[in-house]
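Fair warning: this is a prediction, and the values are worked out from it, not measured in the lab.
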Amino acid sequence: IINNNILINKTFDYDYENTITISLRLGCKGEVVYPSPFADEESVRLPFNYFSQGINTIKKNNPNINTILICCDNFEDEFIKQFEIYKKSGFNIIFNKKDTYHQFCDIINSKYFITSLSTFSLWGVLLNNNNCYVPCFNHNLSIKKNIGTEAFYINASSTFYNMKNVTRIYI
């Protein structure tokens, strides 16, 4: 119902076949796992390596991929600069500075989507029928404490692992 009736913008402004879309929720701290499941005293983001693994996996299977589209809520965050390394490999890096609604439309219409730790991304996986890449924590079964939204994401992502369009990226 949401996909068919509310998200009326079905266009994708980029080369659909050759674009990887990445969602980063940096401004609202959606990327920050705090308190961290890794240690009580640290605050940890999804490592850049997680996104690199996703990009490299997609590129290996699709050599014509040439664009990385970054959907984000805070383009001033230093984390974004790390993606510049892919320019050396011939990628176009596009910062999708559309409003949230239009970024979300791009996410659900993208052919290759790498999620972040956010419910925004979870909805993107749910409504995107293409290739979605989600984090899989090696220690999922050992997490016993409630860590808020991230706990929801980690638990809910287990459900999404069984969807036909989801690939796990192990952290």
Original post:
Is there side-chain contact between Phe120 and Asp73, with heavy atoms separated by less than 4.5 Å?
Top reply: no
In a table with atom names and distances, give each donor-acceptor pair under 3.5 Å that connects a side chain of residues 60-72 to protein atoms at least two apart or in another chain.
residue	atom	partner	partner atom	Å
Asn61	ND2	Thr57	O	3.3
Asn62	OD1	Tyr112	OH	3.0
Asn62	ND2	Ile58	O	2.9

Subject >> Which atom of Ser110 lies closest to which atom of Asn130, heavy atoms considered >> reply: O-ND2, 3.1 Å
Subject >> salt bridge (Lys or Arg N to Asp or Glu O under 4.0 Å) involving Lys59 - partner list, sequence neighbours excluded >> reply: none
**OP:** Measure the shortest side-chain to side-chain distance between Thr115 and Tyr50 over non-hydrogen atoms and say whether it is less than 4.5 angstrom.
**Re:** yes
Original post:
Below 4.5 Å, heavy atoms only, C-beta onward: do Asp106 and Lys98 meet side chain to side chain?
Top reply: yes
Original post:
Once you round to the nearest 0.5 Å, how far does CG of Leu127 lie from CH2 of Trp123?
Top reply: 6.5 Å
Subject >> Separation between NZ of Lys81 and CD of Glu76, rounded to the nearest 0.5 Å >> reply: 8.5 Å
Pair up each side-chain donor or acceptor in residues 83-93 with any protein partner under 3.5 Å, not counting sequence neighbours, and list the distances.
residue	atom	partner	partner atom	Å
Glu84	OE1	Lys87	NZ	2.8
Tyr86	OH	Ser52	OG	3.1

Subject >> Non-hydrogen atoms of Asn128 and Asn131 that approach each other most closely >> reply: OD1-N, 4.2 Å
Subject >> Heavy-atom pair with the smallest gap, counting every atom of Phe113 and Ser23 >> reply: CE1-CB, 3.6 Å
Subject >> Closest contact, heavy atoms only, Asn109 versus Tyr16 >> reply: O-CE1, 2.7 Å
Subject >> 4.5 Å side-chain heavy-atom contact, Tyr14 and Asn96 >> reply: yes
**OP:** With rounding to the nearest 0.5 Å, note down the distance linking CD1 in Ile114 to SG in Cys132.
**Re:** 10.5 Å
**OP:** Look at the side chain of Asp77 and the backbone N and O of Ile80, then say whether any donor-acceptor pair between them is shorter than 3.5 Å.
**Re:** no
